[in-house]
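Working notes for the structure below.
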Amino acid sequence: MTSTQRIELPDGVRTNGADPNPWWANSVVYQIYPRSFQDTNGDGIGDLKGITSRLDYLARLGVDVIWLSPVYKSPQDDNGYDIADYRQIDPMFGTMDDMDELLATAHRLGMKVVMDLVVNHTSDEHPWFQASRDANDPHADWYWWRPAKPGHEPGTPGAEPNHWGSYFGGSAWQYDAKRGEYYLHQFSKKQPDLNWENPEVRHAVYDMMNWWMDRGIDGFRMDVITLISKHLGPNGEMEDGEIGPEGYSNVYWFCEDGPRLDEFLQEMHREVFDGREGYLTVGEGTGIDGGPRDEFITDPRNRELDMLFVFTHLDIDHGEGGKWTPKPMRLTDLKRTMAAQQNAVASHGWASIFLDNHDQPRVVSRWGDTSTDELRVKSAKALALLAHLHRGTPYIYQGEELGMTNAGFTRLDQYRDLESINMYHQRVDEAKVESAEDMMAGLAAQSRDNARTPMQWDSTPYAGFTAADVPTQPWIEVNPNHTVINAEAEVADPDSVFAFYQRLIELRHTNPIVAAGDWKLLDPDDEQVYDFLRSLPEENPEERRSLLVIVNCGSTSAHIPHDAAELIHGAVDASRIVLSTTDPDMAAASLLLGKLSPWEGIVYQL
Ligand code: GLC
Ligand code: CA
């Protein structure tokens, strides 16, 4: 089941407003976190050769595009999101020849390859930054340099230009003794923000992007791209904000959706993508809600990006202290945020659909039920069906198709992610806003490392991620549940989560209603059942074709809510079950009785 079976959407089916419909409108993307996917040389770190060796698995799953998290040369402070050379592969991952081979093999199997583009910042080890440390160098203005606060000795505590805090802990300003000034870093101090106001910076980025596109890649996933334009005051002022309990103010208002964002994205489009075909661009839409800005940026008439990752639906279980103090998710909040995202791009623009990525905990642990393996499988399928039946381009994060779970770490020394480690120290040891116990619980629920444990290929000691007899341990612990949850077992099992994902992908490829039909939320107030309608208008309203999607998002049975029940009105035909998490006869019986079993999900053709 490879992308070759994906149908071309008929002209009458409208997608993002472009004509003809873009190829990615009924495609599915698979994200690979290279470090954790497949190790081939026994150093305990995944590599490019490993990815190439597993491409047949991805072709079998049926995905159309793979997105690689960064594999460029990097000191790996933030696992490659800190790039020291955009035109080299980090030796840890392999060579440029390995990259070319990966590309050629993927293309031969009918899959496209999208690279991560991290250009809000570079590594502090990038030659641009090193040059910028000299105030007389032509690169002096390529980053955000500012002097110490007036009246303070540079480099001493409290002399930072203002109180902005970094997302990864500490001040967002780092003093550089050579230059005698501070540089801005929203993320780690090894990730200085580039100054996009400087046209030389922008053109250097576009040159690099063209270099990769010419090499044959099929587009970019753009890291925090909505943070590149900064909200400067008329004289270059940077306004401080209110200081929070951890001792810092928020930097986000300065960076999110800045005044020149559209201009920069349009310029990038002109310089890199105009005249090219068959590519895909997706931006990490930090700070963009499902609303008019999402529509504007992804409307093809504006020539910016094909789609954005909007995060509003993944913030709903963050508590008062943010992501580290999680609270239970309310289904009505999920419906509300998803509806806003879906409706924002209903007539122009396009959505990406995702529940997992390398920065998020595993959705089956987060919103599903992992108390027994049976419930894990059921809830993984239900959540997959729920996500994949929305309108937009679905993204699968490695291992999601197996129902992989959170890491289950209980000690700080098991964590590798700098955000998790730094924030633990900041919140527990320094600011003392949380107890060690609570923070460990917060990490267990929300740490990015939950998504980063090695891919579970089989039941051997290192899960097939690396050979069982290698001398080096994997860079992060393998989840002990790999003896039960692994690709080898699931590929062979027609009832597995993997097999269910294959069906979802096939449906996306072949059913225009799934790909592009209108989306309408039903029963917005029901706290356990998530149901909606997908339909393609026909010239003759009698022929209007619709799919009813109903998912029980709980471990107890649930009544089919009012709006959905009205549409079924008692007459149920098992042959109209398009897909269900149980078998079609059981699903038909549930519809007839008006009652869903735990985590039952049904797609029914009206
Ligand atoms: C994005 C990436 C994340 C990274 C950050 C800084 O949010 O997805 O992994 O740490 O940007 O580059
Ligand atoms: Ca390796």
Side-chain angles (χ1 to χ4, degrees), residues 31-54 67-72 74-84 89-95 98 115-124 126 166-169 172 185-194 220-228 251-252 255-256 282-288 308-311 314-315 323 352 354 356-361 395 397 416-423 447-452 454-455 462 464-467 470-476:
Q31 182 191 356
I32 293 179
Y33 198 64
R35 209 176 227 283
S36 302
F37 197 61
Q38 177 69 64
D39 175 28
T40 56
N41 63 350
D43 65 355
I45 302 169
D47 42 56
L48 292 177
K49 280 198 159 78
I51 297 172
T52 306
S53 76
R54 294 294 188 179
W67 145 31
L68 297 186
S69 277
V71 292
Y72 314 93
S74 160
Q76 302 291 326
D77 187 52
D78 185 20
N79 292 354
Y81 283 90
D82 48 318
I83 299 171
I89 299 296
D90 196 282
M92 189 178 95
F93 293 123
T95 63
D98 295 340
M115 297 276 276
D116 222 303
L117 179 80
V118 189
V119 290
N120 171 73
H121 43 269
T122 67
S123 164
D124 64 333
H126 194 290
S166 142
Y167 295 123
F168 293 163
H185 60 89
Q186 292 179 77
F187 297 93
S188 101
K189 60 174 187 260
K190 290 185 67 63
Q191 293 168 298
D193 279 55
L194 278 165
F220 293 101
R221 172 269 183 186
M222 304 183 187
D223 192 67
V224 292
I225 199 72
T226 47
L227 305 182
I228 57 178
V251 65
Y252 63 67
C255 303
E256 282 178 358
V282 51
E284 192 186 17
T286 314
I288 305 284
L308 282 171
F309 294 122
V310 173
F311 289 94
L314 296 180
D315 294 338
K323 76 188 242 186
S352 64
F354 68 106
D356 268 348
N357 69 28
H358 66 293
D359 295 328
Q360 299 289 333
Y395 286 71
Y397 177 69
R416 299 287 175 270
D417 173 29
L418 84 167
E419 179 195 35
S420 302
I421 297 168
N422 292 353
M423 293 313 287
S447 168
R448 308 194 297 177
D449 279 342
N450 284 309
R452 300 176 180 184
M455 178 72 176
Y462 296 131
F465 164 68
T466 190
V470 294
T472 343
Q473 303 259 326
W475 70 276
I476 188 168

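In this chain, residues are counted from 1 in sequence order. Counting convention: from 1, in listed order, for ligands and their atoms alike.
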Could you tell me if any non-hydrogen atom of [X] lies under 4.0 Å from any atom of ligand 1?
X	answer
H121	yes
E419	no
F168	yes
H185	no

**Request:** Return the orientation label for the Y33 and W475 ring planes: parallel under 30°, perpendicular over 60°, tilted otherwise.
**Result:**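 Because their plane-to-plane angle lies in the 30° to 60° range, the rings of Y33 and W475 count as tilted.
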**Prompt:** According to the interplanar angle, ranging from 0 to 90°, do the rings of F309 and Y395 count as parallel (below 30°), tilted (30 to 60°) or perpendicular (above 60°)?
**Reply:** perpendicular
**Message:** Within rounding of 10°, what is the angle whose vertex is the Ca ion (ligand 2) and whose arms end at OD1 of D39 and O of I45?
**Reply:**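 My answer is 80°, to the nearest 10°.
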**Asked** Quick one: angle D47 OD2 - the Ca ion (ligand 2) - D43 OD1, to the nearest 10°?
**Response** 170°
Are [X] and [Y] close enough that a side-chain donor and a side-chain acceptor fall under 3.5 Å?
X	Y	value
Q186	H121	no
T286	E256	no
Q76	R35	yes
S188	D77	yes

Of all the non-hydrogen atoms in the protein, which one sits nearest to [atom], and at what distance?
atom	value
atom 8 (O) of ligand 1	D359 OD2, 2.5 Å
atom 4 (C) of ligand 1	D78 OD2, 3.3 Å
atom 7 (O) of ligand 1	E284 OE2, 2.9 Å
atom 2 (C) of ligand 1	D223 OD1, 2.9 Å

**Nearest-0.5 Å distance, CD of residue E284 to CG of residue D223** = 5.0 Å
**Message:** For the OG atom of S36 and the CE atom of M455, what is their distance to the nearest 0.5 Å?
**Reply:**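 With rounding to 0.5 Å, OG (S36) is 10.5 Å from CE (M455).
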**Asked** Is the closest basic N to carboxylate O distance between R448 and D417 below 4.0 Å?
**Response** yes
**Prompt:** Hey, are D98 and K49 close enough for a salt bridge, meaning a charged N less than 4.0 Å from a carboxylate O?
**Reply:**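 The answer is yes: the pair qualifies as a salt bridge.
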Check each atom of ligand 1 against the heavy atoms of [X] and keep those under 4.0 Å away; list them by number with element.
X	answer
V224	1 (C), 7 (O), 11 (O)
H358	2 (C), 3 (C), 8 (O), 9 (O)
F187	5 (C), 6 (C)
R448	3 (C), 4 (C), 9 (O), 10 (O)

**Request:** Using a cut-off of strictly less than 3.0 Å, determine whether M92 has an N/O/S atom near the Ca ion (ligand 2).
**Result:** no
**Asked** Just wondering, is there an N, O or S atom on K49 that's nearer than 3.0 Å to the Ca ion (ligand 2)?
**Response** no
